[in-house]
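Encoded as structure tokens, the structure appears first; notes follow it.
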Amino acid sequence: MSRNKNLCLLTNMPGENHGIKVCEGVFTQCRKYGYNVAVFATMNEFNLFVKEIPDGEKSIYNIANFFGFDGIIIDSVSFLSGQGGRIAEDLYRRVLESGVPAVCISTPVEGIPTIENSNDEALRVICRHVCIDHKCQKICILTGPKDNPEAENRLQVLVDELKRHGIDTPEEYRVYGDFWYTSGERLAGDIAAGRVARPDAVIATSDHMALGVIQALTESGIRVPEDIIVAGFDLTDQGMLDEIPLTSIVSNFAECAALAVDHLAGIIEPEREIQPFVPDYKKMLHIGKSCGCHYSVEEVMKKMNTLIYRTHRNFNRSNAENFVDIGLLMENYFFERMISSESPEQCIENIFLSIYVLEPYVDFYLCLREDWLENEWDMYERIPEKMKMVLHRTGKNEGFYNKEARYSFESSLMLPQMFEEDAEPRAYYFSPVHFAKNGFGYAVLCRELTDYAKFDLVYRNWLRFVCSALEMSRAKNALAELSVRDKMTGLYNRRGMSICLEDMLNASEEKNRLRVCVIDMDGLKYINDHFGHNEGDSAILCLSEAVKAFARPGEICVRAGGDEFYLIGVGEYDSFDEKKEIERFNRILHEVAVRDSKAYPITASIGMALSEKGTAKDFDAVLAEADAKMYSCKQRRKST
């Protein structure tokens with residue numbers, strides 16, 4: 001069986017109303033065609049006032065390797081606010097350079113085909129409800145800014161629909177606004193003051209304007225819906241849950257997104273039969289109190305169940321996994337458990353143990369930079385060549401988080417599992433894992449294509465906990481490293497040596513042997529006296545680099561003090577040719593010194609010793625032997 005086709009969806013905040021409708025259209029068609037969908041999206045608005053957050057969030061778009069996909073869908077309308085425009089410019093350029101078939105939703109982009117979003121029928125449905133079901137004759141239309149193409153189109157569609165039913169719309173009932181509360185409040189003020197003749201109904205082409213109308217009319221003593229009916233468009237959460245719930249209709253972005261998938265399917269599989277997406281306008285229309293109809297309490301409660309803070313859950317209910325349970329997230333002290341982790345490994349384990357709050361899901365993956373503990377990194381500027389899969393948990397509570405099971409992969413693969421042969425197409429949500437601008441990597445939440453409405457605020461806030469915990473773990477690790485590492489060279493100090501050596505000896509077996517090398521610089525006083533202490537420090541750094549290059553896998557390097565270094569290893573060592581080993585070290589040290597073009601020679605005396613089998617724990621004796629050999633080497637050098 002050949003692998004599933006993979007589509008890439010670039011959007012913003014897929015858990016919000018607009019994102020949910022886009023995902024509904026994309027996922028519905030991909031389920032029909034057997035396509036996987038990888039969703040690359042930020043978790044916050046682009047214009048968030050805390051600038052460092054969107055700066056870190058936008059790195060997720062750099063993770064997308066467009067060459068790995070069969071088609072790309074750009075939700076271009078979601079990139080219109082804040083930093084979205086600047087981010088989009090880079091995205092569009094990369095998409096075009098990839099040569100992969102691409103399509104935009106609603107907002108045109110030069111060089112990329114666009115599927116225009118047609119809300120004509122949705123607007124006509126809300127209009128017919130007002131003029132037919134409620135028999136209104138004097139209907140005022142409030143639209144967006146004058147000369148704005150979308151605002152003008154919405155106005156003309158409503159005027160045309162009213163004309164079909166024999167209702168004229170005079171100029172004073174064709175009101176331009178700003179798609180925001182303020183223009184609704186302004187129209188309500190004009191109606192209350194008599195500057196606009198009181199209509200039977202107001203149809204606003206955005207919920208925000210409609211809510212502004214209702215609130216201002218109510219404050220002026222005009223009752224809604226008894227005196228004036230009000231209807232909106234785009235069905236926002238606030239509109240559904242306001243004091244006077246708003247009659248409104250969902251924007252038709254689901255069909256627009258579905259057509260984008262159909263467009264790509266026709267390119268990547270020309271022989272495939274297209275299965276059209278059929279919008280259900282009856283379900284898209286939401287009846288609230290603002291028109292005077294009997295509104296659906298069930299729909300309101302359903303919406304509240306997606307937003308409510310709950311502290312208890314009945315797990316025996318069949319729909320328990322469909323709850324968005326912010327209470328479960330907040331009352332289990334996951335954050336405290338994560339940030340109190342004593343080590344990075346324990347932090348990863350605590351993350352693994354808390355993933356069940358994301359149910360339902362198929363898989364969860366956490367991919368981090370290999371050096372996430374060591375360096376700060378802006379992943380929007382560049383992506384590392386490799387990522388490490390540090391955690392994987394399945395919906396059946398299987399997977400791994402232990403250090404031994406982690407593995408690295410090329411960053412260009414994004415998620416190797418996404419390209420495996422799979423009988424069921426899935427949705428893969430890629431989300432940034434970062435603290436401010438410091439990028440650790442990314443998380444991938446894999447869900448069924450039927451779960452498009454469940455990318456919710458629980459996941460968004462849980463992931464914030466994870467990011468904060470990783471930053472805390474990184475900071476703790478850095479402090480711990482300072483206590484066991486030499487600040488100048490980065491090698492272990494004597495305390496670090498003791499800790500590592502104890503672990504090495506405890507894990508040793510009967511057949512293992514202990515190898516110790518003692519290395520001491522020659523002529524450090526001469527360098528300090530004639531070239532300065534800065535050059536003396538530079539010479540010590542050269543020697544430390546040579547010691548690291550000389551070390552074998554599994555051995556530890558120690559700056560024992562001043563210009564003295566140890567190299568320690570426990571393993572199945574064979575007897576070694578000491579003369580050849582010393583020559584190898586001297587060759588390495590010479591190459592480092594030549595590369596740094598020093599005006600003075602850098603040499604060192606070295607002694608090494610190897611324990612007998614079964615005596616690996618005799619560290620003091622082996623160290624003394626190696627130290628004595630180093631001292632003899634130094635005496636010979638002085639005499640010559």
Side-chain angles (χ1 to χ4, degrees), residues 342-345 373 403-404 477 479-522 524 540-589 592 603-638:
E342 295 182 0
S343 67
E345 286 71 32
L373 282 170
K403 198 171 183 179
E404 295 73 21
N477 187 72
L479 290 173
E481 285 291 295
L482 286 175
S483 71
V484 298
R485 295 274 184 181
D486 172 59
K487 184 177 181 180
M488 185 169 77
T489 64
L491 303 183
Y492 285 110
N493 56 25
R494 285 184 175 273
R495 181 173 183 273
M497 178 192 75
S498 299
I499 294 171
C500 290
L501 182 60
E502 182 179 0
D503 292 340
M504 293 166 71
L505 295 179
N506 287 337
S508 66
E509 301 177 0
E510 187 67 24
K511 58 186 176 182
N512 291 155
R513 306 171 79 176
L514 173 68
R515 165 173 138 112
V516 178
C517 299
V518 177
I519 302 162
D520 191 87
M521 180 179 285
D522 299 328
L524 177 60
I540 289 173
L541 287 170
C542 284
L543 180 54
S544 71
E545 189 173 338
V547 172
K548 285 189 283 187
F550 179 59
R552 298 179 180 184
E555 295 180 334
I556 63 169
C557 302
V558 181
R559 186 184 182 192
D563 57 352
E564 186 177 33
F565 296 84
Y566 297 161
L567 191 152
I568 305 169
V570 175
E572 296 183 44
Y573 291 101
D574 295 325
S575 296
F576 55 83
D577 188 323
E578 187 170 338
K579 183 179 178 181
K580 287 185 177 179
E581 283 289 277
I582 291 174
E583 288 175 351
R584 182 169 75 89
F585 172 77
N586 287 330
R587 185 171 62 253
I588 292 170
L589 179 57
V592 172
T603 63
S605 300
I606 180 171
M608 55 189 70
L610 188 66
S611 71
E612 296 297 325
K613 290 183 179 180
T615 60
K617 296 187 178 181
D618 296 338
F619 173 70
D620 291 339
V622 180
L623 175 64
E625 181 183 348
D627 191 55
K629 288 183 177 181
M630 183 278 296
Y631 184 74
S632 296
C633 177
K634 188 173 285 291
Q635 292 300 106
R636 288 195 301 273
R637 284 176 175 274
K638 284 183 178 180

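Quick note: residue numbers are just sequence positions, from 1. Computed from heavy atoms alone, side chains included, the values below leave out hydrogens, waters and symmetry copies.
- Every residue two or more places apart in sequence or in another chain that forms a side chain to side chain contact (heavy atoms under 4.5 Å, CB included) with Glu564 is listed here: Arg494, Val518, Asp520, Ala560, Tyr566, Asp627, Met630.
- With a 6.0 Å cutoff to the six-membered ring centre and a 45° limit on the axis angle, Arg559 does not count as a cation-pi contact of Tyr492.
- Lys487 is not listed as a side-chain neighbour of Asn493, based on a closest heavy-atom distance of 4.5 Å or more.
- Using a 4.5 Å heavy-atom threshold, the side chains of Glu572 and Asn512 count as touching.
- Residues Ser544 and Phe565 form a side-chain contact, since some pair of their non-hydrogen atoms from C-beta on lies under 4.5 Å apart.
- Taking each heavy atom of Val570 and Ser508 in turn, the nearest pair found is CG1-CB, 3.7 Å.
- For the atom pair CD (Glu583) and CG (Asp577), the distance works out to 8.0 Å, reported to the nearest 0.5 Å.
- A pairwise comparison of heavy atoms in Met504 and Gly554 identifies CE-O, 4.0 Å as the closest pair.
- Taking the side chain as every heavy atom from C-beta outward, Cys557 and Val547 approach each other to under 4.5 Å.
- With sequence neighbours left out, Asp620 forms a side chain to side chain contact (heavy atoms under 4.5 Å, CB included) with no residue at all.
- For the atom pair Arg587 CZ and Leu589 CG, the distance stands at 12.0 Å (nearest 0.5 Å).
- Leu610 is linked by a side chain to side chain contact (heavy atoms under 4.5 Å, CB included) to Arg513, Arg515, Tyr573, Phe576, counting only residues two or more places apart in sequence or in another chain.
- Applying the side chain to side chain contact (heavy atoms under 4.5 Å, CB included) criterion to Arg637, with sequence neighbours excluded, gives Asp522, Asn586, Thr603, Ser605, Cys633.
- To the nearest 0.5 angstrom, Leu541 atom CG is 5.0 Å from Met488 atom CE.
- The side-chain heavy atoms of Phe585 and Cys517, taken from C-beta on, include no pair separated by under 4.5 Å.
- When all heavy atoms of Leu514 and Ile568 are compared, the closest pair comes out as CD1-CG2, 3.9 Å.
- With sequence neighbours excluded, the residues satisfying salt bridge (charged side-chain N to carboxylate O under 4.0 Å, His left out) with Arg552 are Glu581.
- A 4.5 Å side-chain heavy-atom check between Ile606 and Ile519 finds at least one atom pair inside the cut-off.
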Practice problem: May I have the step-by-step check of salt bridge (Lys or Arg N to Asp or Glu O under 4.0 Å) for Glu625 and Lys629, ending in yes or no? | Solution: CA-CA 6 Å; Glu625 181 183 348; Lys629 288 183 177 181; 3.6 Å; yes

Practice problem: I would like to know whether Ser611 and Asp618 meet side-chain contact (heavy atoms from CB on, under 4.5 Å); could you show each step before the answer? | Solution: CA-CA 8 Å; Ser611 71; Asp618 296 338; 5.7 Å; no

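- Listed by first then second residue, pairs satisfying side chain to side chain donor-acceptor pair (under 3.5 Å) with a partner in residues 496-505 number zero, not counting sequence neighbours.
- Checked options Leu567, Ile582, Val622; the residue passing with Met608 is Ile582 (criterion: side-chain contact (heavy atoms from CB on, under 4.5 Å)).
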Quiz prompt | Worked verdict on Thr489 versus Ile540 for side-chain contact (heavy atoms from CB on, under 4.5 Å) | solution = CA-CA 8 Å; Thr489 64; Ile540 289 173; 4.2 Å; yes

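- Note: Ile588 CD1 to Lys548 NZ = 13.0 Å, rounded to the nearest 0.5 Å.
- Distance alone, capped at 3.5 Å, places no donor-acceptor pair between the Arg485 side chain and the Gly496 backbone.
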